[in-house]
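First comes the structure, then the notes that go with it.
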Amino acid sequence: MTILYRIYQLLIAAPICLIATLLTAVTVTIGCTLGDGHFWGYYPGRWWGRVIIRVLLLPVKVEGHEHLKKGQSYVFVSNHQGAFDIFLIYGYLGRNFKWMMKHQLRKIPFVGRACAAAHHIFVDKRGPSRIRESYEQARQTLREGMSLVVFPEGSRSFTGHMGKFRRGAFMLADELQLPVVPLTINGSFNVKPRMRDIYWVFWHPLRLTIHEPILPIGQGAENISHAEKQSYDVIMQGLVPEYQGFVENPDQ
């Protein structure tokens with residue numbers, strides 16, 4: 001079955017995924033330039049995420065949509081198992097949002113330009129002024145009523161386990177008194193393990209769990225620590241036993 005799946009990827013899935021990515025990037029860039037950036041910055045990406053996953057024949061299970069209230073802004077925080085986290089969240093979270101992403105992604109042909117046009121937030125850590133600029137853009141996005149999706153680990157896992165969380169997302173939620181919603185992703189590491197057979201996708205079910213929002217308990221250091229710890233513990237408990245437990249990520 002592995003050989004057949006790889007032949008399918010090479011001859012059918014890869015060309016479709018490439019065309020879908022190019023079409024989505026061009027649509028987002030043109031749509032955001034000429035029209036509503038919130039609409040064009042999200043819905044083509046949602047379609048793209050679903051197409052990639054379905055073309056690769058990956059089963060998806062989503063739990064917890066009932067925890068989200070219509071019209072409420074959230075700071076979503078998720079573990080970062082692999083590249084397919086992007087497709088899973090984009091395609092199946094069901095909430096208009098902006099990403100916080102590494103500034104290096106701006107260099108990806110077509111995709112980087114589309115992300116910039118959609119006003120996703122590139123986190124640039126090459127100096128204090130650039131960090132402040134990134135977080136000011138995130139604040140403005142949240143003040144406009146949008147939600148934000150952040151990977152607090154900052155980089156993909158090498159092992160499928162969680163590393164440390166950075167505090168930036170929780171500080172933003174505290175400052176604006178917004179609920180933090182933990183997301184647990186299972187299966188993404190199995191589909192596309194970091195540093196293994198980079199040209200192939202491995203068939204494995206994907207699961208996205210949307211946990212109950214963590215509401216502010218005040219404002220300041222105690223609230224930040226509370227949201228960070230609660231999020232970490234909840235996400236960790238949602239992982240399959242194989243990937244539970246902290247493992248240091250040298251890329252953090």
Q) Looking at Phe189, does the NZ or CZ of Arg194 lie under 6.0 angstrom from its six-membered ring centre and within 45 degrees of the ring axis? A) no
**Q.** The single option from Ile235, Asp85, Val234, Leu208 passing side-chain contact (heavy atoms from CB on, under 4.5 Å) against Leu183
**A.** Leu208
Q: Look up atom CD1 in Ile121 and atom CD in Glu136, then write down how far apart they are to the nearest 0.5 Å.
A: 10.5 Å
Q: Identify, with sequence neighbours excluded, every residue that meets salt bridge (Lys or Arg N to Asp or Glu O under 4.0 Å) alongside Glu175.
A: Arg139, Arg143
Q: Give the ring-plane orientation class for Trp48 versus Tyr90, where under 30° counts as parallel, over 60° as perpendicular and anything between as tilted.
A: perpendicular
Q: Quick one: closest heavy-atom pair of Pro15 and Leu11, and the distance?
A: CG-O, 3.6 Å
Q: Mind listing the closest non-hydrogen atom pair of Val51 and Ala20 along with its distance?
A: CG1-CB, 4.1 Å
Q.
To the closest 0.5 Å, what do you measure between CE (Met101) and OG (Ser134)?
A. 11.5 Å
Q | Straight-line distance of Gln137 CD to His120 NE2, nearest 0.5 Å | A | 10.5 Å
Q.
Parallel, tilted or perpendicular: which one describes the rings of Tyr5 and Tyr8, with boundaries at 30° and 60°?
A. parallel
Q.
Checking Asn190 against Tyr243: is there a side-chain donor and acceptor pair closer than 3.5 Å?
A. yes
Q: Kindly indicate, with the supporting measurements, whether the criterion side-chain contact (heavy atoms from CB on, under 4.5 Å) is fulfilled by Cys115 and Trp99.
A: CA-CA 9 Å; Cys115 289; Trp99 292 101; over 6 Å; no
Q | Arg46 atom CZ, neighbour heavy-atom count above 12 within 6.0 Å | A | yes
Q) Which heavy atom of Ala114 sits nearest a heavy atom of Ala25, and at what distance? A) CB-O, 3.5 Å
Q: Return the minimal non-hydrogen interatomic distance between Asn223 and Ile217, and the atom names on each side.
A: OD1-N, 3.0 Å
Q | Selection residues 207-236 - residue pairs positive for ring pair (Phe, Tyr, Trp, His ring centres under 6.0 Å), sequence neighbours left out | A | Phe165-Tyr232
Q: List in chain and number order the residues that pass salt bridge (Lys or Arg N to Asp or Glu O under 4.0 Å) with Arg106, two or more places apart in sequence or in another chain; answer none if no residue qualifies.
A: none
